[in-house]
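In what follows, a structure is listed as structure tokens, so that the remarks can point back to it.
Whatever order the structure lists ligands and atoms in, that order sets their numbers, starting from 1. All residue numbers refer to positions in the sequence shown, counting from 1. Only this structure's heavy atoms are used, side chains among them; waters, hydrogens and symmetry mates stay out.
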Amino acid sequence: MIQALRGMKDIIDDGDLYQYIVKICEEITLNFGYKFIETPKLEQTSLFIRSVGESSDIVNKEMYQFIDKGGNDVCLRPEGTAGVVRAFIEHKFDRAGGVRKYFYYGSMFRYERPQKGRLREFHQFGIECFGEKSVYEDASVIIIGAEILNRLGIKTTLKINSLGDKECMPKYKAKLVEYLNSLDGLCQDCLRRIDTNPIRVLDCKNENCQNLLKNAPLITENLNDECQKDFDKLKEILTNNNIKFEVDPKLVRGLDYYSKTAFEFISDEIGSQSAVLGGGRYDNLVEYLGGRQTYAVGFAMGIERIMEILKSRTQSDERKGIYLCALDDKFIDEIYKLGLNLRKTHNVETNYEAKNPAKHLKSADNLNKKIFLCLGENEFKNNEIWYKNLDNGDDEKLNLNDLERFLNAR
Ligand code: ATP
Ligand code: MG
């Protein structure tokens with residue numbers, strides 16, 4: 001028996017939930033001026049090594065990388081931003097100037113140890129805004145995230161931080177490295193990170209490391225004037241617009257390309273604290289990948305983690321749609337045609353088998369349908385159909401000529 005690969009899942013029972021989540025995300029981002037973008041799922045490996053960063057966990061150990069039949073070093077995308085930035089530069093939008101905003105959704109691939117909320121193929125919804133320097137856009141990106149989670153009814157804590165810029169971050173890193181080198185007892189991962197990416201030490205999950213880091217210098221106390229001003233303004237905009245947040249100076253995010261604003265929405269509904277949506281500003285990435293310097297800010301949301309949370313709630317048992325059936329084989333053609341017609345405006349399940357009324361009613365109930373329509377000998381003679389509302393029990397014969405008007409009024 002051939003089975004799906006480890007860490008890869010079919011969306012087979014929760015298709016509506018997946019689509020519902022994407023629909024809400026789309027609705028909200030469209031109103032903020034974002035447009036749909038789709039980029040290839042396979043890219044040159046070097047794109048991710050450069051953008052996500054050699055010191056990140058993703059590039060270090062999670063890449064689905066292989067040599068294709070033409071000898072090209074390629075990689076399934078582990079995240080969405082790199083491909084969008086590559087496309088943005090390839091189509092010369094960095095030279096055109098102006099503001100461009102994109103949203104995307106689809107599969108991402110990371111070779112991680114599969115566990116709850118952690119898959120090898122998973123789905124993200126993400127947004128990227130290019131060309132906007134104003135910190136108001138950082139606020140908007142955060143607010144879009146907050147609004148999506150709010151509409152989906154998901155309670156989260158928003159954590160924000162500033163990662164400084166090209167000027168203050170290196171100075172801060174030097175201070176931090178000095179401090180880290182003075183410590184005794186950091187874990188192996190942290191010791192490795194001191195050389196490769198010292199700020200990642202700050203979010204080590206190891207409790208012992210966290211204790212040692214209690215007096216570490218913090219980026220928030222080492223920002224230059226511009227970064228401090230933007231960070232203060234961001235906090236002010238969020239406060240003025242009723243977005244609750246916590247400043248977490250140890251929030252560094254997994255990817256290497258962030259500058260200034262970084263944020264995460266954390267939920268405690270799927271086991272231990274876990275990020276459902278994260279993002280920030282990345283003003284250097286376009287230039288770093290060979291384009292013109294372009295301001296940029298965005299986020300990515302993990303759709304499966306959202307689905308987990310929503311599935312753990314009690315499912316709504318609201319009845320929906322029409323069950324259409326006949327009592328005799330000779331009426332099947334008739335109801336088949338009627339079904340096609342009704343489907344222009346309604347959700348209809350047509351049953352192709354002649355059964356007795358009790359069996360049909362049971363099927364309609366099993367399918368959680370709201371309206372039962374059935375054609376039998378008597379109804380047919382009078383140009384009628386038997387109507388039953390399975391929600392409130394209303395039961396009557398309707399003239400077929402009035403049927404659509406009647407259903408539309410419900
Ligand atoms: P984590 O710290 O949990 O590994 P991350 O920092 O690697 O997360 P991002 O790269 O910021 O995650 O991706 C954005 C979102 O995508 C995460 O907040 C999470 O909801 C989701 N996500 C990331 N990795 C996975 C995975 N392997 N399986 C399912 N969802 C994931
Ligand atoms: Mg990760």
Side-chain angles (χ1 to χ4, degrees), residues 4-11 14 17-18 21-22 25 48 51-53 55-64 75-85 103-128 141-142 144-146 148-149 152 154 156-161 163 189 193 197 199-206 248 250-258 261-282 285 297-311:
L5 294 171
R6 205 163 116 75
M8 308 219 166
K9 255 177 69 177
D10 303 303
I11 298 181
D14 326 321
L17 189 55
Y18 178 87
I21 293 167
V22 170
C25 292
F48 302 115
S51 63
V52 178
S55 61
S56 65
D57 282 351
I58 291 180
V59 171
N60 256 312
K61 43 189 183 196
E62 299 172 359
M63 299 255 276
Y64 266 95
C75 183
L76 285 166
R77 64 180 185 193
E79 53 96 56
T81 304
V84 175
V85 172
F103 72 85
Y104 63 82
Y105 56 92
S107 298
M108 305 295 158
F109 303 84
R110 297 185 192 175
Y111 201 84
E112 304 198 63
R113 198 168 69 78
Q115 52 189 291
K116 205 173 162 70
R118 204 171 284 286
L119 294 156
R120 289 183 172 172
E121 179 180 11
F122 61 101
H123 298 76
Q124 286 185 338
F125 180 94
I127 66 173
E128 318 289 354
V141 165
I142 294 177
I144 291 171
I148 288 171
L149 296 169
L152 292 170
I154 293 177
T156 51
T157 306
L158 166 62
K159 295 193 171 171
I160 64 168
N161 191 17
L163 297 176
D189 272 348
R193 283 181 182 138
N197 192 357
I199 61 167
R200 285 301 310 277
V201 173
L202 295 173
D203 79 344
C204 180
K205 305 281 181 285
N206 188 315
D248 179 357
K250 290 193 174 143
L251 175 73
V252 295
R253 311 267 308 121
L255 320 176
D256 281 0
Y257 52 62
Y258 288 102
T261 307
F263 65 92
E264 263 177 7
F265 287 87
I266 316 279
S267 160
D268 54 17
E269 283 191 68
I270 27 175
S272 63
Q273 298 246 314
S274 130
V276 291
L277 188 156
R281 184 166 273 281
Y282 51 98
L285 184 60
V297 52
F299 73 59
M301 180 187 97
I303 299 183
E304 277 81 2
R305 291 197 189 165
I306 304 279
M307 288 172 76
E308 280 292 323
I309 296 173
L310 294 179
K311 270 194 308 190

Exercise. Quick one: does Phe299's side chain get under 4.5 Å of Ile148's, heavy atoms only?
Worked result: yes

Exercise. Exactly which residues line ligand 1, taking a heavy atom under 4.0 Å from it as the test?
Worked result: Arg110, Glu112, Gly117, Arg118, Leu119, Phe122, Gln124, Arg253, Ala275, Val276, Leu277, Ala300, Gly302, Arg305

Exercise. Hey, are Glu112 and Arg118 close enough for a salt bridge, meaning a charged N less than 4.0 Å from a carboxylate O?
Worked result: yes

Problem set entry | Salt-bridge present (Lys116, Glu308; N to O < 4.0 Å) | yes

Exercise. How far does CG of Leu5 sit from CZ of Phe109, to the nearest 0.5 angstrom?
Worked result: 10.5 Å

Problem set entry | Quiz item: cation-pi between Arg120 and Tyr111, 6.0 Å / 45° | yes

Exercise. Would you call Asp57 and Arg110 a salt bridge, using N to O less than 4.0 angstrom?
Worked result: no

